[in-house]
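Below is one structure; the comments refer to it alone.
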Amino acid sequence: MVVFGLPVPSNKIDGVLENRLLLEEMSYDREALKRQHQNLLPQLNIEQLSVYNAVTDSIENRKQILMFVYGHGGTGKTFLWTTIISDLRSEGKIVLAVAASGIASLFLPSGTTAHSRFKIPIDLTEKKSCDIKKRTFLADLLHRTSLIVWDEAPMSDRRCFEFLDRSLRDVLDCDDQLFGGIYVLLGGDFRKTLLLNSTEFIPMAVLQNLFTM
Ligand SMILES: Nc1ncnc2c1ncn2[C@@H]1O[C@H](COP(=O)(O)OP(=O)(O)OP(=O)(O)O)[C@@H](O)[C@H]1O
């Protein structure tokens with residue numbers, strides 16, 4: 001760069017360029033996202049808007065939000081996620097959009113499965129946490145993450161949340177806060193659950209205790 005008289009990138013940018021995971025999350029077309037957000041926001045109904053305001057206010061005020069958005073199919077959860085995600089990503093913030101299944105993740109903007117994103121073990125009986133190590137690209141990404149959106153959450157085994165909680169507390173060195181202090185927005189429909197053993201669900205009472213619903 002110096003030889004060709006070009007500006008040398010700072011060490012900070014070097015870190016981002018090296019980390020493919022971070023680069024992916026920071027390469028969105030922010031102008032296009034801004035336009036998308038400007039188009040979607042005025043269309044939100046009152047309930048969608050109240051969730052939108054709660055999430056954006058909490059991020060602005062740096063007060064952790066743990067929220068569960070419960071709505072049956074077709075009530076506009078994906079529409080709401082897209083509005084929130086386009087807003088935050090247009091401001092350069094990192095939002096990790098995940099879903100319980102691959103099919104559901106396709107409906108989220110740049111969504112992935114929770115298992116793939118957080119390295120949740122396939123066999124949940126074998127381990128006690130996700131395979132996330134400190135000082136890795138994934139740990140760096142999580143350090144910079146503003147919000148996790150987890151769609152179709154009732155379809156995920158409760159151990160997925162427990163493993164992620166445990167791992168984030170460890171990786172983010174924040175043992176006294178749920179999910180290591182990361183803001184978490186869960187959503188889904190309890191009527192759309194797989195026929196699992198009842199001990200594999202997140203009990204409703206636990207959700208009501210920890211999350212705003
Ligand atoms: N506020 C809104 N204004 C206009 N259209 C909306 C609004 N909210 C939702 N929709 C439309 O309603 C339809 C269903 O919404 P959406 O897919 O977000 O529901 P969902 O709750 O995610 O459904 P599912 O749980 O089955 O995935 C979509 O076509 C979406 O564009």
Side-chain angles (χ1 to χ4, degrees), residues 24-25 28-60 65-91 93-118 120 145-162 164 179 182-198 200-213:
E24 274 171 15
E25 291 301 326
Y28 295 112
D29 180 344
R30 288 170 60 176
E31 282 308 311
L33 286 168
K34 207 177 215 161
R35 286 194 296 277
Q36 184 186 30
H37 174 246
Q38 281 166 353
N39 174 36
L40 296 178
L41 183 60
Q43 297 184 57
L44 294 185
N45 63 34
I46 293 173
E47 284 166 318
Q48 288 169 327
L49 193 60
S50 71
V51 176
Y52 173 89
N53 286 337
V55 173
T56 49
D57 286 354
S58 74
I59 289 178
E60 205 168 295
I65 192 166
L66 299 168
M67 186 177 261
F68 186 92
V69 179
Y70 179 24
H72 58 83
T75 48
K77 298 181 296 298
T78 311
F79 195 92
L80 173 63
W81 309 147
T82 308
T83 312
I84 293 171
I85 292 170
S86 60
D87 180 25
L88 298 177
R89 284 186 182 157
S90 74
E91 290 173 2
K93 295 192 168 75
I94 293 178
V95 183
L96 303 182
V98 302
S101 67
I103 296 285
S105 75
L106 295 177
F107 294 99
L108 297 171
S110 299
T112 56
T113 62
H115 272 82
S116 145
R117 172 57 87 192
F118 302 124
I120 300 171
T145 295
S146 295
L147 177 71
I148 292 172
V149 174
W150 191 322
D151 197 19
E152 306 286 14
M155 287 180 71
S156 296
D157 189 296
R158 67 176 169 77
R159 285 167 292 185
C160 296
F161 303 99
E162 290 166 359
L164 183 63
F179 297 102
I182 288 196
Y183 301 20
V184 181
L185 189 52
L186 305 182
D189 178 1
F190 277 96
R191 279 163 291 192
K192 276 203 259 168
T193 43
L194 299 171
L195 295 171
L196 298 171
N197 180 332
S198 62
E200 290 167 0
F201 289 122
I202 330 166
M204 192 69 133
V206 170
L207 269 179
Q208 280 167 344
N209 203 11
L210 301 174
F211 284 75
T212 311
M213 292 186 76

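Keep in mind that what you see is a predicted model, and the values were worked out from it rather than measured. For the numbers below, each heavy atom of this structure counts, side chains included, while hydrogens, waters and symmetry mates do not. As the structure lists them, so they are numbered: ligands from 1, and atoms in each ligand from 1.
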Distance-only, no hydrogens or angles: does the Glu91 side chain make a donor-acceptor pair with backbone N or O of Leu88 under 3.5 Å? no
Considering only heavy atoms, which of Ala104, Gly74, Gly76, Pro42 lies nearest to atom 23 (O) of ligand 1? Gly74
Run the contact test for Gly71 against ligand 1 with a 4.0 Å cut-off on heavy atoms, strictly below, and give the result. no
Do any nitrogen or oxygen atoms of Lys77 lie less than 3.5 angstrom from nitrogen or oxygen atoms of ligand 1? yes
What atoms of ligand 1 come closer than 4.0 angstrom to any heavy atom of Gly73? 23 (O), 24 (P), 25 (O), 26 (O)
Would you tabulate the side-chain donor-acceptor contacts of residues 33-42 under 3.5 Å, counting partners in other chains and residues two or more places apart, or write 'none'?
from	atom 1	to	atom 2	distance (Å)
His37	NE2	Tyr52	OH	2.8
Asn39	OD1	Gln43	NE2	3.4

Shortest reach to atom 17 (O) of ligand 1 by a heavy atom, considering only Leu108, Thr78, Asp151: Thr78
Considering only residues two or more places apart or on different chains, which pairs with a residue in residues 95-118 satisfy side chain to side chain donor-acceptor pair (under 3.5 Å)? Glu25-Arg117, Tyr28-Ser110
Is it true that Asp189 lies under 4.0 Å from ligand 1, counting heavy atoms only? no
Do Leu147 and Ile84 have side-chain heavy atoms sitting under 4.5 Å apart? yes
For Leu106, does the CG atom have more than 12 heavy-atom neighbours from other residues, nucleotides or ligands under 6.0 Å away? yes
